[in-house]
Structures are given as structure tokens and as C-alpha cells.
Amino acid sequence: MNHFELFAIEPEYAVDLADLQVRYRKLQQAMHPDRFANASERDKLLAVQRTSQLNDAYHTLRDPLGRAEYILGLRGVDMQHEQKTLQDPEFLMAQMEWRERVEELNAGDFTAIDQAYSDLERETKVLQEQLEQQIAEADNDEAANSIRKLKFMHKLGRELEALEDA
Amino acid sequence: MAYSEKVIDHYENPRNVGAFDKNDHSIATGMVGAPACGDVMKLQLKISDAGIIEDAKFKTYGCGSAIASSSLVTEWVKGKSVEEASQLKNTQIAEELALPPVKIHCSILAEDAIKAALEDYKKKHAS
């Protein structure tokens, strides 16, 4: 049973997160190991395994990138351990400029950091919309490329967070 | 995770950091990125008319191993011919810097950066 089947939802990129959480809670209660306190050792072990599978599935599907990678995985495109490099000069040049911009931001300058955040969110949203369409159209190679690009955007987001926490 | 002494040396004293004018006819630019960790690397080679790499510069946003890998290759390629530089393998970089398995992708990134720069060189000189 795959993650989508477990929650009885369609294997699509767009997921209703509130609905997913409700489904998760219900399954969690049904599978909780405490309910198997008087069960056989084998059933106890199974309950523990199912719970860990459930948690794994929930965390994968809740995260947009994890979900997209999982969908591609179901279609036979494995991105989990890839060591491939991205060679898209235009995108990478923009990444370099982004990194330079982040490097020049001062930790205390919240106005500039906020501006960077909203620019980053806008660019991320464009990529996510492309990804959604590519997944819907089963354009798997392009979808994989969009996922790779989104990973760079996430990295930028983490760099900005680090600045805010500094 | 412990970095090797060579990685730390290149990380603390990176060689050849900087940039050339990418529009200059003798400059070849390679840009690569590693999605797994979000590292971005720009490698530039200054190549003579005779096809010898006279100088190299890099700028890398990434972890210590990525910076060390790119710093190392800028040292290695200087004085090499375009043909010789294209033979460089990531395994040589990983071995020299004693990179652990989880950091092998940093050496792949550096090898791909050279290849991308040499592609740019070919493109510029094809016309």
C-alpha cells in the first residue's frame, strides 16, 4: 500500500493539508500500540511497524517537495539519492545573485530580510505552480528538474532563517 | 563529521577566489549546482590561444568540502591544456581531500564545473 492509498486520497500534488491531518489522526488512533497492549507479540510488533509507516507517510506527504518526489518515485523516477548536478546557467546565475544578496544582508536589517523573504516566496510559488502542472501532465523529467530547483530555493530560505535567528 | 586537514586548509585559505569578465573571449565560465544540498559553484578559466589554462578563479556557496573541492581544482588546472583538464576525475579530488562518502557529491560538482567551463570554451571558439 503506498502513502496515498494509506490515507485513501488521490496521488496528486495538490493535497488538502487540513484533511490530511484529520485522516492522519484517525489512523493514528486506530493503530496506536496502546490498543494492542493485550495482543500477541506479533500483533504488537505489527502495530508498531504500522505506526512508524503512518508517521513516515504523513511527513512525506505533508511536505510539498517530499510529496512531489514521492509521486515521481511511484512513477519510477528515483530522486532520493541522486548525485546529479544541475546545469541550467540561467537559473544558477540567478542563484549566485541570490546568494550574494543574502551574504550582503545584515542580521539586524529586518526590512531587507522581509523583502528578500517575499521575493523568495514569489519565485518559489512560480516554480511550485510549474511543478504542479508538470506532475498533472506526467511530464516527469521536467517535474524532476523543478524539484531540483525548488531545493535550491529551500536552501535560500534556510539561509534567510539563519540570518533572522542570528 | 571531521574534515580532513586538506579540506580545512582550502576552506580557511581558499585559493583563487574571485571572478573574471565572462564576456572576455579568453574566459570560459562553468556554473553548476548540487540539488541535494543547494550548493552553487562558478568556475572560470582563462585559456590562451594555444589552449593552455593560464589562470582559474572560483566562487562557491556551499559547505567546506564544496569550497575545498573547487579551490583545489583551480590549483590543479593551471598550466594544463584543455585536453588534460577534461581528463580530471572527481575521484582524484575526493582522494586528495579524503572526502567521506556523504561528501563525494562535492567532488562531482567540481568535476562538472570544469566540464561546464570547457563546454563554454568550445562554444565560444566554435564560431
- Task: Could you grab the distance from atom CZ of A:R99 to atom CG of B:D39, nearest 0.5 Å is fine?
- Result: 6.5 Å
- Query: What heavy-atom pair brings A:T85 and B:P35 nearest, and what distance separates the two atoms?
  - Reply: CA-CD, 4.3 Å
Look at atom [atom1] of [X] and say whether more than 12 heavy atoms of other residues, nucleotides or ligands are closer to it than 6.0 Å.
X	atom1	answer
A:R25	CZ	no
A:D16	CG	yes
A:D34	CG	yes
A:K44	NZ	yes
B:K22	NZ	no
A:E5	CD	yes
B:E95	CD	no

Which atoms of [X] approach chain B - backbone, side chain, both or neither, heavy atom under 4.5 Å:
X	result
A:E103	side chain
A:M93	both
A:K84	backbone

- Query: Do B:K59 and A:E100 touch side chain to side chain, with heavy atoms closer than 4.5 Å?
  - Reply: yes
- Item | Side chains of A:F91 and B:M31 in contact at under 4.5 Å (non-hydrogen atoms) | no
- Report the option among B:V32, B:T29, B:I104, B:L109 that has the most heavy-atom pairs separated by less than 4.5 Å from atoms of chain A. B:V32
- Winner by heavy-atom pair count (cut-off under 4.5 Å) against chain B, out of A:K155, A:H154, A:K149: A:K155
- Given that the side chain runs from C-beta out, which part of B:K115 has a heavy atom under 4.5 Å from chain A: side chain, backbone, both or neither? neither
